[in-house]
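So you know, we letter chains A, B, ... as the sequences are listed, proteins then strands, and number each from 1. Only a predicted model underlies this, so the values are computations on that prediction, with no experimental measurement involved.
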2 protein chains.
Amino acid sequence: MTGTKQRILEVAERLFAERGFSGTSLRTIIGEAGVNLAAVHYHFHSKDALLEAVILRRLEPVNRERLAMLEACEHAARGGPPPVEDILRAFIEPTVHLVRDPQRRGSIFARLMGRLHAEAASAFAEIAKKHFGEIGRRFKEALERALPEVPQSEIFWRMHFAIGAMAQTLRGSPELEALSGGQCRASNPEDAVPRLIAFLAAGFQAPVSIPHAQEKVS
Amino acid sequence: MTGTKQRILEVAERLFAERGFSGTSLRTIIGEAGVNLAAVHYHFHSKDALLEAVILRRLEPVNRERLAMLEACEHAARGGPPPVEDILRAFIEPTVHLVRDPQRRGSIFARLMGRLHAEAASAFAEIAKKHFGEIGRRFKEALERALPEVPQSEIFWRMHFAIGAMAQTLRGSPELEALSGGQCRASNPEDAVPRLIAFLAAGFQAPVSIPHAQEKVS
DNA sequence: GTCTATATGGGGATAGAC
DNA sequence: GTCTATCCCCATATAGAC
């Protein structure tokens, strides 16, 4: 039966999300998945490759949907730049409302993404660089067109801040939820995403006060 | 000689920041510190306790300076609420321009804080909850006064986003720096902090569009 | 306070039978 | 494809001499 490979992927995804990559051992994974240790090395070749498989399984559809949403809102804008909110939504929503996933597995992967943004796992760093390059450029261009008054390098900074806020939201923050006394359950994407988009859109549109050397300002 | 304890603390801080907690072994630490393995267990009792010592050594002065800066800007506002920018600066700058540290050790700890915000290390979760509670409440109150038009629960959300953006900035992001072709070196606090504050201040002042149940709106 | 030596367990990976 | 058995190394932690 080849449910084995699937079960490994799903348990690994959950445990990596909960405990991090280096905090999760293959033996824990196989224990919860009820499979044999050798099966992991048979289906994937190493722990690093398992992580890569876990990520790619979700990231590729997410990135496809991101581009589709971006193109849709650009088309809707009929030549002009779409509103910043729409561009941000195209980037953020596919990560949360993951594909057409009946269970809540999407949010588990979202937590994994948020967590891996912070972890050292070199395997992830390469994957991120490889798969983020194209997406990043595409959204950067869209944001530049939508924000002609913001210099190019400042767009990078603000994308940086935005991704941090998004990653924090994806992974959740126990101490802040505790502080709010349950008023803000960041783990609930339906509550979080519209607020996040409003916050980030305002940030992107903030006036630029820091001098930027040798740049086209529009 | 008790340089041993110091050297362990400093090497551990750097390695935890670079590779994460579970990604760093005591053996790597003692190798770089040039001390004996048993010395770690003698001076600290366990790896968890070592992490706690590493964090507390920096976090307590940081939180003191945060409160001092907050009180200073509140005093300067003479009864009225201080500008949001000043409140944010009081929270962010002490993490970066750490105490009066001659070397660049401050930024190493900053990276550690950014990274640990994401890692599972239960030891850190407890420390964060304990030491963030007071600071969090204090800054939440200040932000509420400065933003009377923003409902209370929305303040929590925006603090959440802000801390995510701050943590990302503290820890740096190789893929974004690569994308920018070196235009935005997030690891350089002097460049990052003023931009981060401007971005976050705009986000905090964004108009509130999502309905908030049963709350004082001012 | 600092060392050597060692206890004890867990880690990723592989060979080879079935 | 799946299993058992095992290699080999690394992990945290401790005991006890100096």
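Side-chain nitrogen and oxygen atoms of T4(B) include none within less than 4.0 Å of the OP1 or OP2 phosphate oxygen of dG1(C). Close to dT14(C), at under 4.0 Å from its OP1 or OP2, lies no side-chain N or O of H41(A). For dA11(D), one of the phosphate oxygens OP1 or OP2 lies less than 4.0 angstrom from a side-chain nitrogen or oxygen of S25(B).
At whole-Å resolution of the value, CD1 in I30(A) and P in dG10(C) are 13 Å apart. Taking atom CZ of residue R7(A) and atom C1' of nucleotide dT2(D), one finds them 12 Å apart after rounding to whole Å. In this structure, K47(A) atom NZ and dT14(C) atom P are separated by 15 Å, rounded to whole Å. Going from atom CZ of R19(A) over to atom C1' of dG10(C) covers 14 Å, rounded to whole Å. Between the CG atom of D48(A) and the P atom of dG11(C) there is a distance of 16 Å, given to the nearest Å. Between I8(B) atom CD1 and dA13(D) atom P the separation is 13 Å, expressed in whole Å. Between the CD atom of Q6(A) and the P atom of dT2(D) there is a distance of 12 Å, rounded to whole Å. As a whole-Å value, the separation of F21(A) CZ from dG12(C) C1' is 10 Å.
Salt-bridge formation is not detected for the pair R66(B)/E71(B): no Lys NZ or Arg NE/NH1/NH2 atom is positioned less than 4.0 Å from an Asp or Glu carboxylate oxygen. Ionic pairing of E85(B) and R89(B) is not present here: no N-O contact between side-chain nitrogen and carboxylate oxygen is shorter than 4.0 angstrom.
In terms of the side chain to side chain contact (heavy atoms under 4.5 Å, CB included) criterion, residue partners of R111(B) (sequence neighbours excluded) are, by chain and number, A17(B), E18(B). The side chain to side chain donor-acceptor pair (under 3.5 Å) test applied to E52(B) returns no partner, not counting sequence neighbours.
Side-chain contact between F21(A) and R115(A): absent, with no pair of heavy atoms (C-beta onward) separated by less than 4.5 Å. Here the side chains of L88(B) and E93(B) are not in contact, with every heavy-atom distance at 4.5 Å or above.
The base of dG10(C) lies outside donor-acceptor range of the side chain of R27(A), with no N or O pair under 3.5 Å.
When each of R19(B), R7(B), R58(B) is tested with E13(B) by the rule salt bridge (charged side-chain N to carboxylate O under 4.0 Å, His left out), just one qualifies, namely R58(B).
Between dG11(C), dA13(D), dT2(C), one nucleotide has an atom nearer to the side chain of L26(B) than all others, and that is dA13(D). Nearest to the side-chain atoms of Y42(A) among the listed nucleotides dT2(D), dT2(C), dG11(C) stands dT2(D). When distances are taken from the side chain of H43(B) to each of dA13(C), dT2(C), dT2(D), the shortest belongs to dT2(C).
Applying a 4.0 Å cut-off to non-hydrogen atoms, the residues of residues 31-39 of chain A that approach DNA chain D are N36(A), A38(A), listed by residue number.
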